[in-house]
Chemist: 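Can you keep this structure in mind? I'll have questions shortly.
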Amino acid sequence: MNPEMVALLAAVLFVLGAVGVLIRRNALVIFMCVELMLNSANLLLVSFAYAHGSLDGQVAAFFVMVVAAAEVVVGLSIIVSVYRSRRTTSVDAPDLLKL
Amino acid sequence: MGILEITAPTFEWLELSPLLTVLIGAVLGVVVEGLVPRAYRNLLQVAILVVTIFTAAGLLIVNWISARLGIFAMGALVLDGPAYVTWAAELLFGGLAILIFAERRAGQGASVFVAAAATVPGSKDERLANSIGREHTEVYSLALFSLSGMMVFAASNDLITMFIALEVMSLPLYLLSALARYRRLLSQEAALKYFLLGSFASAFFLFGIGLVYGFSGSLTLEGISSSITLSGTGRGLLLAGIVLLAVGLLFKIGAVPFQSWVPDVYTGAPTPVTGFMAIGVKFAAVMGLARVFFVALGGERWSWQPVLAVIAVLTMAVGAVLALTQTNIKRLLAYSAVSHAGFVLTAVVGANAFVPDGQINALGAISFYLIAYGFATVAAFGIVTLVRKGAGETLELGDWAGLGVREPVLAGAFAVALLSFAGIPLTAGFIGKWAVFSSAWSGGYAWLSIVGVGFSLIAAYLYLKVLVSMFFADPASSVSAVKPSLATWIPVIVGAIGSLVFGLFPGPLMDLLSHAEVFLR
């Protein structure tokens, strides 16, 4: 296995996630794109841990998974409460706060 | 890698006791929510908050006097001068800001937090929850968890601890932002924006950690620093990593071009929560940024200093100029927070210069600036919760006209806070501005300090405009200020007095900071 190729794959996934956040309009899809970015970072950490022969990166990936799970709890609760009061998950709908 | 030997980790209970106290207080709050009848929860939560903050502060002072410095918790946390200063400031300002959560007179006996967050705004369920006096007392516990994250963030010695601290600091704040009692749609919208943008930024931060780890093979700040000095290969990885790390950190500080969430979130969140995050997050994030950039990336400073200088100028410009156009007091304070992020970044840019003995260094200047900003912020947001028209807060600047005639004490305290924000002499804000600009000057960025002085004049015009309308305009009708309880009086008075005292007698604090402020490696 070539760690460089894995790192490249991680970068591609990260960019896909970032572009998804910027162009999608559904809060849930945006949130999934953020999760994709977090997981691409996990892949990066694990591949570099393999390349360097150190365990730090693998352990870090576990911590990131826990943090991502906590983020899902908080994020979904906010998205659901917005959905219940507005009947939509589009991020263009809440527009009361403006310059 | 060989056979893994498992040794029990060491943990320095005594040295880390202030942090543990805050965490225990937060967990106790959760236990109270589960076991205690509703009627007693609020009282008990406030008691836990006060006891926690005082215990943690006491332990911190004892540890500080005994000079218990070092790298603890298996290398995850470092307790050095800046970490102690940050912990003390977080406990003081965080404690004061959370105390305002307990104010009930402003809402005719109800807190500023929503009765039941799960109900739909305007629904029958919501009215029912209001009429039976339900309330969310978890807010104290959430705030304490966030406070512990802020403390860890400024004291973390490796990047993964820093990432977790970032999330522990932010996740409770996303929830707290959504819990306003009035203007609930605004509050939920603010929370949604804060959450989506905040998690977007922390994903950048995490990918940056991955890239820097790929370059150095180490997650500790010291390890990264030594591989920057030793290694010549893979600089592409390193530079990309620095950029992504900076995106995550600058987002939390609210620097341009990552400032767009600041006005929306500051406006939509309940005002006491805004005050808490304004000072708590800013203090922790600036100190965390300084630690990453000075300790881990100090060897690369020729690459990041010019970029940060440009960001500092843009931040000061956008904050000061857009604040001029605001008519809403919370948006105005939000843009002023953006410009303050720019002012404090000038000292980060001017770091690493040779500092003559006895003079304050860049870190000391940053700390002083943030402490001055903290006093003024606690007072200002405390007062914003009190000015009312009808049931809710009135945020229109026009309604604040003539407040000085009706409420001389509150308006006087607000005036002190604004003068300190503006950096008028004899206030702490002036000494802070002087310290950061002179630090940038001695770091070889003279042009940056001159630009900074220019923008602080623009910002000063704005604050003076508000002051003039408060004291010399005809009073607006039907606007009044609530007679607050101690929960608001204490933060307001402490904030105003602190802004004055450290402006008139900055010597002792300057002295303390100039001795304390060296990062331990």
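Residue numbers start from 1 in every chain, and the chains themselves are labelled A, B, ... in the order their sequence lines are given, proteins ahead of strands. Just so we're clear, the structure is a prediction, and the values are computed from it rather than from any experiment.
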Chemist: Output the distance between atom CD (B/Gln188) and atom OG (A/Ser85), rounded to the nearest 0.5 Å.
Modeler: 3.5 Å
Chemist: Below 4.5 Å from any heavy atom of chain A, which atoms of B/Ala240 appear? Answer side chain, backbone, both or neither.
Modeler: neither
Chemist: To the nearest 0.5 angstrom, please state how far the CZ atom of A/Phe63 sits from the CD1 atom of B/Ile164.
Modeler: 5.0 Å
Chemist: If you count every heavy atom of other residues, nucleotides or ligands that lies below 6.0 Å from A/Glu4 atom CD, does the total exceed 12?
Modeler: no
Chemist: Under the side-chain contact (heavy atoms from CB on, under 4.5 Å) test, which residues partner B/Met74, sequence neighbours left out?
Modeler: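 Counting only residues at least two positions away or on another chain, B/Met74 forms a side-chain contact (heavy atoms from CB on, under 4.5 Å) with B/Pro9, B/Thr10.
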Chemist: Where does B/Ser216 contact chain A at under 4.5 Å (heavy atoms): side chain, backbone, both or neither?
Modeler: backbone
Chemist: Taking side chain as everything from C-beta outward and backbone as N, CA, C, O, which of these in B/Leu179 sits under 4.5 Å from a heavy atom of chain A? Side chain, backbone, both or neither.
Modeler: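 Neither the backbone nor the side chain of B/Leu179 comes within 4.5 Å of chain A.
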Chemist: Would you please go through residues 65-72 of chain A and name the residues with a non-hydrogen atom below 4.5 Å from one of chain B, in numerical order?
Modeler: A/Val67, A/Ala70, A/Glu71
Chemist: What part of A/Ala61 is in contact with chain B, defined as an atom under 4.5 angstrom from a non-hydrogen atom: side chain, backbone, both or neither?
Modeler: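 Neither part; nothing is under 4.5 Å.
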Chemist: For A/Ser77, is it the side chain, the backbone, both or neither that has a heavy atom under 4.5 Å from a heavy atom of chain B?
Modeler: side chain
Chemist: Using modelled atom types and a 3.5 Å cut-off, is there a donor and acceptor pairing between side-chain atoms of B/Tyr213 and backbone atoms of A/Gly57?
Modeler: yes
Chemist: Hey, what do you get for CG (B/Leu219) to CG (A/Leu45), rounding to the nearest 0.5 Å?
Modeler: 7.0 Å
Chemist: Which heavy atom of A/His52 sits nearest to which heavy atom of B/Gly214, and what is that distance?
Modeler: NE2-O, 2.7 Å
Chemist: Using a 4.5 angstrom heavy-atom cutoff, name the option from A/Val64, A/Val80, A/Ile79 with the most pairs to chain B.
Modeler: A/Val64
Chemist: Between chain A and each of B/Thr267, B/Leu192, B/Thr119, count heavy-atom pairs under 4.5 Å; write down the option with the most.
Modeler: B/Leu192
Chemist: So what's closer than 4.5 Å to chain B heavy atoms on A/Ala51: side chain, backbone, both or neither?
Modeler: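 No part of A/Ala51 comes within 4.5 Å of chain B.
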Chemist: Return all side-chain donor-acceptor pairs below 3.5 angstrom for residues 195-212 of chain B, not counting sequence neighbours, or 'none' if the list is empty.
Modeler:
| unit_1 | atom_1 | unit_2 | atom_2 | d |
| --- | --- | --- | --- | --- |
| B/Ser199 | OG | B/Phe195 | O | 2.8 |
| B/Ser199 | OG | B/Leu196 | O | 3.2 |
| B/Ser202 | OG | B/Glu167 | OE2 | 2.9 |
| B/Ser202 | OG | B/Gly198 | O | 3.1 |
| B/Ser202 | OG | B/Ser199 | O | 3.2 |

Chemist: With a 4.5 Å heavy-atom cut-off (strictly below), which parts of residues 20-29 of chain A touch chain B? List them by number.
Modeler: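 A/Val21, A/Leu22, A/Ala27, listed by number.
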